[in-house]
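Just so we're on the same page: letters track the sequence lines, and every chain starts at 1.
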Amino acid sequence: MNLTISKPQFFFLIIKTQIGIGLLSLPSETERIAKGDSWISVIWAGVMIQLLLIVYWQLLKKFPNHTLSEIIVRMLGPYVGKAINVIYLAFFILIASYASMLYVRLLNTWMLRITPVWVLLLLIIGTCLYLAIDNLRVIARFFVLSSVLIGVLLLISILNFSNEVHFTNILPIGQAGATQIFTGSEKTFFAMLGFEVTLYFFAQVEGNHKGMFRIMTLANCFITLFYAYFVFICLIGLSPKVLEMVSEPVLYILKGLSYQLFDRIDLIFLTIWIIPMSVTIVSYLCMAGKSLSHKQSSYRKLVWISGGLVFLAGWYLSTLENVDLYSKWLEYGYLIMIAAVPVLLWLGSFLMTNMKKVGST
Amino acid sequence: MNHFKTKKSNRIELLPGDLDQKITQIEQYFSHTEDLNIQKLVCSDQACALFYIDALVNIELIQSTVIKPMLASCEKGIEQSLTSVEVRKSSDLVLVGQCLLEGYCIIVTETDSDAIMLPAAQTHSRSIQEPTGEQVIKGPHDGFVESLNTNLYLLRHRMKNPKMKVKYFKLGHVTNTKVAMVYMDNIANSKIVAECEKRLCAIDLDYLYTASNLDEMLEEHPLSPFPQTLQTERPDRAVSYLMEGKIMIFVDGNPSVLILPITFFSFYQSSDDYNSRWITGSFFRFIRLISFIMAICLPAIYIATVTYHSEVLPIGILYSVKVSLTYVPLPPILEAFFMQIILELLKEAAIRLPTSISQTIGIVGGLVIGTAVVQAQLVSNTMIVIIGLTAIASFVTPINEFGTSLRILGFPMMIAAALFGFFGIAIMLMLVFIHLCKIEILGVPYFAPFGPFQGKENMKDIFLRLPIWAVNKTPWKSSLKQTVFGRWKRQ
């Protein structure tokens, strides 16, 4: 458990967790709210996340060798702490199952129309478990390796510029108004989830005293720009009406491209995208494991159990007709867990140090 | 079996006193074998007996260094009169027996309880030839042979450095095979060396015939499809690994040397890369790495495309592919399996036949089956092309063993493609690469320097073969610092 990872590995752990299924449908969701200013929403969401990261950093600086679950137990005592960690575990499992449900739905619409859901879920979660049960160093290795694909995806997305593009779609800038932009950034915020891995993996980064905030900021900047870029190409590639109607615009804009050797770039793009999507689930499984256990053997057991639960929950979710209500509850609940709780802990840490000082004098 | 294992620690004392008694004891110990030669002599008024095994010793050497001086200068005493380079003494019958089996000749006297042992071995080894499995166009053409001493000579001859260290082990309770571990004392990581030594000592085997036996005992992931030690018969290659701080293990009676800890990319390096100019070398290195993906993915991609995603092909290509598929009754997955198995059959058949017959196999297989199968419309033309390309791609790997594991990996890949299309391929590739990231050999990551990414210094000899002046002299030294031993459980 005490195996360390390097700072670049930490960077890739963060960005690979963030890039996932959310991005594919993000442009149309923000378009419905923020219109041509969606890209500003994305950047605004990045700013919000940056503020949250500052809090994370302040909190983690005080406990450089502790994961969030250990910090909670230390500050709130074993019983309350354990209880809160169980809630975290539940949220990680739910988020992972929600992501895998979306993943399976995507596969069902774009690739494998009649393959049963449980088969796909089994394959996805089985693969993720195979990676997640190993130690963080191995996980980080695979994350870094698979980051090569981000470059490939970016290259493919550049092909889009050979389509007809309309830069006028985003003009006039600021057309939607500030409130719409802010509401749009809320949607983006949920698509960009994954930066909370910082709270759990920070403790294992080698030499995590210096330069860590820079890594976190860099990762956030990269993700914000990456998301803004994809939203931007969708905005200029599709007309506003179409963009509101299609569900996965990132794939949709590539659909029309045709070359002498192959057609349907979207299928190739989606095939590659399968890997970032799966890797996100690995991260959540890993965090689920870390939320309650500190030893490798119990960690493995917990990851196995969470994998099973993710499978069952994912299967159940995919049978539901409408998951909007569920996703809303999940998202706001999760927001409390990753924003409100760390902020409170951070504020509490002042109290604690003060108390110590009082005690010592 | 246990009977052999306990024997190792036993010690049998030679019977004191009467010479005849000693002779019968030794004869009995060697189960009255008829190639054990016993010669009775009288030297300085003492009766003594000379033992040796016919096949293992050089008779002339015994005559000149043992019998002659003994008879000539009888008054000095036996030990003083011997002129051999090494004289050992022991009263332990087990040790005496072992020495006899290594080609020593033994002198037993009536008075002395110790037996005298003198080296007189003769070796018959194959002359040094180029290994047929790893030929190169340019560069040295010598190869390791079956004799351990000749192999060490080939190494020492290239590496004239006092830091090259050899350690001997005896493995196999029944076969007593000599094993040598060679490494550079100042380059190799001492932790890795210690761990390797520990594992070698822990090996509990009755017999050890080949280097592959040892490989199976040492490897940490027996379920992995990838070979975890590199076996080579080329001394130039071996020496270059020595410089990288790796450990090599020779097994007496085997021309191939085990090298560990090894990484994935070592299997894609060939001596030819270094014997040609760096641009040429880099080009072929690159081609080989592409062949890795081709060998495991190409049939799978084809199957997925024609079964699930034919919309990926533009209309022009789609026509020519679909036309060739029109009259084929089998689904693509069966076609591919069918052809793949025919190919493996042809390969297996051709390997052991003499060249004159194996040419016929080539004609029957390639021309007759290849064309007839298409004309009979059992298999489509495109499939033949795909399978052919895949086979060639898998033969490209410089180490044959690795190519075979690639072809085996191709089968689950094809099944996944037939069941789930591109999604199946992506998941399978993920599994393969996760597996590659997981393997560690003696604490060194197998997929280094990619997983984990280890900076540009180690990259210079992976995708490209940069000129020798641009490459760090001992690239592995830095990356070997962090070591964790966890997985090996073969005790």
Side-chain angles (χ1 to χ4, degrees), chain A residues 2-6 8-9 12 103-104 106-108 110-113 115 119-120 122-124 126-135 137-149 206 255 258-268 270-275 277-279 282 296, chain B residues 221 223 264 297 300-301 304-305 307-318 321 412 415-440 443-456 463 479 481-484 486-487:
Chain A
N2 298 318
L3 292 173
T4 53
I5 55 172
S6 69
Q9 283 180 329
F12 285 111
Y103 185 173
V104 169
L106 182 78
L107 286 173
N108 270 336
W110 284 83
M111 270 187 169
L112 304 161
R113 250 159 247 286
T115 314
V119 175
L120 293 176
L122 202 65
L123 274 176
I124 294 162
T127 312
C128 294
L129 268 180
Y130 182 56
L131 182 57
I133 53 167
D134 223 303
N135 61 53
R137 193 182 277 175
V138 170
I139 295 174
R141 267 180 219 158
F142 184 73
F143 274 47
V144 177
L145 183 70
S146 60
S147 301
V148 180
L149 295 175
E206 206 179 345
K255 202 173 175 178
S258 175
Y259 293 91
Q260 277 175 336
L261 205 57
F262 35 73
D263 263 352
R264 291 295 299 273
I265 310 286
D266 55 318
L267 277 182
I268 295 163
L270 181 59
T271 309
I272 299 172
W273 198 264
I274 282 169
I275 290 150
M277 286 194 293
S278 316
V279 149
V282 173
Q296 187 70 23
Chain B
H221 310 269
L223 291 176
F264 172 84
C297 281
I301 289 175
T305 312
T307 12
Y308 286 93
H309 311 292
S310 39
E311 64 267 36
V312 167
L313 297 173
I315 206 82
I317 299 178
L318 186 67
V321 170
I415 296 173
L419 289 177
F420 304 107
F422 282 168
F423 172 70
I425 298 178
I427 286 285
M428 273 305 290
L429 274 181
M430 245 178 94
L431 282 173
V432 168
F433 280 100
I434 291 174
H435 179 70
L436 280 173
C437 286
K438 275 188 161 196
I439 305 182
E440 276 174 15
V444 178
Y446 189 61
F447 206 52
F450 255 102
F453 191 80
Q454 279 166 340
K456 66 170 195 259
F463 280 135
S479 63
K481 261 188 257 157
Q482 291 185 326
T483 49
V484 192
R487 290 235 168 79

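Phe433(B) pairs by the side chain to side chain contact (heavy atoms under 4.5 Å, CB included) definition with Phe142(A), Leu145(A), Phe292(B), Ile293(B), Leu429(B), Leu436(B), Phe447(B), not counting sequence neighbours. By the side chain to side chain contact (heavy atoms under 4.5 Å, CB included) test, Leu107(A) is found to be paired with Tyr103(A), Met111(A), Leu120(A), Ile124(A), Ile274(A), Phe423(B), residues two or more places apart in sequence or in another chain being considered.
With chain B as the partner, the residue from Thr115(A), Leu123(A), Ile139(A), Val119(A) showing the most heavy-atom pairs under 4.5 Å is Leu123(A).
Both the backbone and the side chain of Ile275(A) come within contact range of chain B, judged by heavy atoms closer than 4.5 Å. For Ile133(A), the part sitting under 4.5 Å from any heavy atom of chain B is the side chain, from C-beta outward, and nothing else. The contact between Ile434(B) and chain A is made by backbone and side chain atoms together, counting heavy-atom distances below 4.5 Å. Both the backbone and the side chain of Thr127(A) come within contact range of chain B, each with at least one heavy atom under 4.5 Å from a heavy atom of that chain.
Side-chain atoms of Leu267(A) and Glu311(B), non-hydrogen and from C-beta on, do get closer than 4.5 Å to each other.
With respect to the salt-bridge test (charged N to carboxylate O, under 4.0 angstrom), the residues Glu440(B) and Arg137(A) do not qualify. Salt-bridge annotation for Lys438(B) and Asp134(A): present, with a side-chain N of the basic residue lying under 4.0 Å from a carboxylate O of the acidic one.
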